[in-house]
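Worksheet: the structure to be examined is printed underneath.
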There are 2 protein chains.
Amino acid sequence: MRTRLKDVADNLKLSPALVSGVLNRRPNVWASEETRKRIIEAARTLNYQPSAAAQALSRGKSDTVALVYRRLEGPSYRLAYSGLVDTLSSGLQASGLGLAVANFADQEAVLDHLQKLAGTRACDAVILWGREQDTEAQGELLEKLGIPFLVKGRHERDHPNWNQIDFDHEGMMAQAVDHLADLGHSRLAYLGFPHDEAFVRALRRGYVQGHRRRLGSDPDPRFFAEHEDLVAPNAETINGWLSLPEDERPTGFVVGAGNSAWQALETCIAQVHRKLGFETGDDAAAGVTSLFFTLMFGNALVYQGIEIDSLARLALPELLTAIERGEPAESVHRFLPALSPAPSLDLLQHGVSFSGDAP
Amino acid sequence: MRTRLKDVADNLKLSPALVSGVLNRRPNVWASEETRKRIIEAARTLNYQPSAAAQALSRGKSDTVALVYRRLEGPSYRLAYSGLVDTLSSGLQASGLGLAVANFADQEAVLDHLQKLAGTRACDAVILWGREQDTEAQGELLEKLGIPFLVKGRHERDHPNWNQIDFDHEGMMAQAVDHLADLGHSRLAYLGFPHDEAFVRALRRGYVQGHRRRLGSDPDPRFFAEHEDLVAPNAETINGWLSLPEDERPTGFVVGAGNSAWQALETCIAQVHRKLGFETGDDAAAGVTSLFFTLMFGNALVYQGIEIDSLARLALPELLTAIERGEPAESVHRFLPALSPAPSLDLLQHGVSFSGDAP
DNA sequence: CTGAAAGCGCTTACAG
DNA sequence: CTGAAAGCGCTTACAG
C-alpha cells in the first residue's frame, strides 16, 4: 500500500496540515527545526510521495506542460523535431514540471485537443510546434482560452506579443553572404526552397538583404533559384550557371535548401573540374543542410544540425515564468547559429576524377 | 469559469451521479434514452470536460503512460528515436491515454524517477527505451513496483516474460546473406560494429547463422571486421580484402554497421574500378544504414530508415491490454523489416572515374 | 430508474 | 507553534 500524507502524520502524531506545510515549505507554516527534521525524515523513511492527482486537484494546477503539434509526414520533419522532446522534457523536469506530448494528423484534431486540454486542466501551459499555417490558429485558440503558451515559428508580424521562438533565418543567410564575400567571391548565386512558408521567406529576405549590405547591390536575378528538394532540377539550374563564360558565372553559392541542392552543387562543380573550398580558385558555398550531411568532394561552411533544441532551451525560461505568474509570456526569441565546416569525404584527394558528362 | 459535473446536473435537475454514470457509459446505470440524450446534449452545450485530476484521484488511475529513457548523446541516437514519440503519442491517444515523457542524463536519475512515478501514481504504465544495459535494471525496478511496462530491447534471455520489442536483427542479417547468395555471390564479408551490445551480438549471430544455413559453411574469419563508425578503419580493412587475388577476395558484403562503413565500401570498391550493383560482375552489398543515406556510385539493398515506430506500433496493443487488466503483459515481439533499394546518386553514370590512389 | 453520502488524498484558510 | 474542517471535482457503492 502506498503511504499517504495521513500515514506520515499519524506516524509522528502530527496533523496532516502541518506535515503538508513543512514538506511543501509553505512560508506561513511554523514548526520547530526539530519537528521539521522529524517530518522530513519520516517522509523519507516511509517513502512518501504525494499523489499527483490529489495535488493537482487541490492546487488547481497539474505541473504539466503539453507539447502539442500536428504530425507532419516525411523523415525530414521527423529529423527537424528530433531532440526537441529531449530538451523540453529535461528542461521542464528541472523545474519540477512534467511534459505531456500529443500529436495529431490534422489541424482539426489538434484544435479539439487544445480545447480539451483547457477543459480538463490536464496541463498548465502548452508548447506549440509546427508550421505557421497550423500554429497560428492554435495560438489564437489558446490565447482565447487563456492558457500560457510558447510557439515555435515566426509570428512576429501578426502576433508580436506571443512568446515565440525560431531561428534567425535572415541572419543566417546574411552570415553566409559575408563568409563568401570574405573569401573574395562577388558573383553569388542562391539555391533555396520554392515553398511559401515563413522560414523560406526569411531565408530569401536574409540573402537579398545580406547581399545588398555586403556587396552593395541586389542579387543577380539570373542566379536565384528555388527548387524542390530533388537533385535533378537543382543540377539543371546549376549546369546552366556553370556553362556561362568564366568571368560571368557565379563562384559563390548560398544554400537555403536541403541536401539535394548540395549534392547537385557538388556533382555539377566537380564535373567542370572545380571544387568547393576555401582556397583562391575554389568555388565556395555556405548555408543550411539537413542534420546528416557529408560533402563528397570539397569543403564548405554550413549550419549543420542546426539544433532545434537550442530553440527550446532559449525560450523555456520565459514560459516557466509565465506559468508561475499565470499570465501570458510576451517575447520574440530569435536564435542565430554559427557556420561551421561540413564533414567531407575528400574524394578528390583519393583518386576520383571526372570526365565531362552532365547529369 | 469551467463547467463542472455539478453544473451539468443542476442544469438538468438531475444528480451528479446519474450524469456521471451516463457520460461514462457505466453499465449498471439506468436512464431512459430521453434522459441520456438530454445529458449528452447538455454536456456538449455547456462544453463540459471532466477534470483530469479529479477523475484520476477518484478512479485511482491517471490514464497516462510514461515514456522514460536515459538520454544518449549524439545525433545517431536522436535519429534512432525520431518518430517514436509521434507513434506512441498517437497510438495511445487513440485509446484515450496520454503520453508523458521524461528523460535523464544518467541511469540513477531514471531509476529515481521511476520510483517517483510509482509513488505519485502519475502514470498507469511505463515504456522503457534505450540500451539493454540501462533498461534491464529499469525493468527490474518496475517489476518490483508492480507497474506494467513495455521495454525496447532484447531481454529474452534473462527476462523472457517481459513485454519487449525489438528488431529481428538475426533475421535481417540472414535476409542480407540470402539476397547476396541469390545474386550469385559466395565469398561474403561482414562489416559490423565492435560494441558489446545485444543488437550488435544479434547482427553478428544472424550473419553467421545465415551464412551457415544458406552457404553451408562458417564465414571466412578473414572477412569479418568490426569497426567504429568511422570511414578510415573500415577503408583499411576493405582495401586489404580488395587487394587479394580476384578469385579469393569477397564480392558480397553484409553490413551490420553505419553509414561510414558504406561510404568506405563504396569508395574502396570504386577505386578498383568496380561498383556495387545487381548485375553479373558487380560487387554487391546489403545491410543496415542510418536513416539518411545515399549511395554515391552503385546500388544495394538496405534496411533504410528501419522505422523505430514500427516497433512501437507492434507492441502497443499488448501494453494497452496489460494496463486495462492491471497485470503485466508477457510477450516478446520481434520485427523483421524488408530490404529495399537504397537511393543512389549514380555518379558513375555521370562522368566520374577513378585513378588508383588509396584513401 | 434516482439521489444522498462517503471517499479519493491532498491544500488552505481559520480558529485556537 | 498546532489541529479540526472544508473544499478541490469527480466516482462509487448503497439505499430508496
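Values below: every heavy atom of this structure, side chains too, minus hydrogens, waters and symmetry copies.
- If you measure from atom CZ of B:R121 to atom P of C:dG9, you get 9 Å, rounded to the nearest angstrom.
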At under 4.0 Å between heavy atoms, which parts of nucleotides 10-16 of chain C does protein reach? Answer with one letter per nucleotide, 5' to 3': B base, S sugar-phosphate only, - none. BBB----
Donor-acceptor pairs under 3.5 Å, side chain of residues 8-18 of chain B to any protein atom, not counting sequence neighbours: which ones?
residue	atom	partner	partner atom	Å
B:D10	OD2	B:K6	NZ	2.9
B:S15	OG	B:L18	N	3.2

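- The ring pair (Phe, Tyr, Trp, His ring centres under 6.0 Å) search around B:F104 returns B:H113, not counting sequence neighbours.
- If you measure from atom CD of A:E34 to atom C1' of D:dT2, you get 15 Å, rounded to the nearest angstrom.
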Side chains of residues 36-44 of chain B: which donor-acceptor pairs under 3.5 Å do they make with residues two or more places apart or in other chains?
residue	atom	partner	partner atom	Å
B:R36	NE	B:A31	O	3.4
B:R36	NH2	B:V29	O	3.1
B:E41	OE2	B:R44	NH2	3.4

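- Taking A:F199 as the reference, A:H169 meet the ring pair (Phe, Tyr, Trp, His ring centres under 6.0 Å) condition, with sequence neighbours excluded.
- Judged as a salt bridge (Lys or Arg N to Asp or Glu O under 4.0 Å), not a single pair has a partner in residues 89-115 of chain B (not counting sequence neighbours).
- Listed by first residue number, the stems of DNA chain D with at least three Watson-Crick or G-U pairs below 3.5 Å are C:1-3 with D:14-16, C:5-12 with D:5-12, C:14-16 with D:1-3.
- Rounded to an integer number of Å, the gap from A:K13 NZ to D:dA4 P is 13 Å.
- For the P atoms, the distance from C:dA13 to D:dC1 is 22 Å, rounded to whole Å.
- One interatomic measurement links the two molecules: CZ of A:R36 to P of D:dC1, which rounds to 9 Å at whole-angstrom precision.
- A salt bridge links B:D134 to B:R70: one of the charged nitrogens lies within less than 4.0 Å of a carboxylate oxygen.
- Taking atom CG of A:L57 as the reference point, atom P of D:dC8 lies 9 Å away to the nearest angstrom.
- Every pair passing side chain to side chain donor-acceptor pair (under 3.5 Å) that includes a residue from residues 137-146 of chain A is listed here, sequence neighbours excluded: A:Q107-A:Q138, A:E140-A:H159, A:E143-A:W162.
- The salt bridge (Lys or Arg N to Asp or Glu O under 4.0 Å) pairs that include a residue from residues 151-167 of chain B are B:K152-B:D166, B:R154-B:E156, B:R154-B:E170, B:E156-B:R334, where partners are two or more places apart or lie in different chains.
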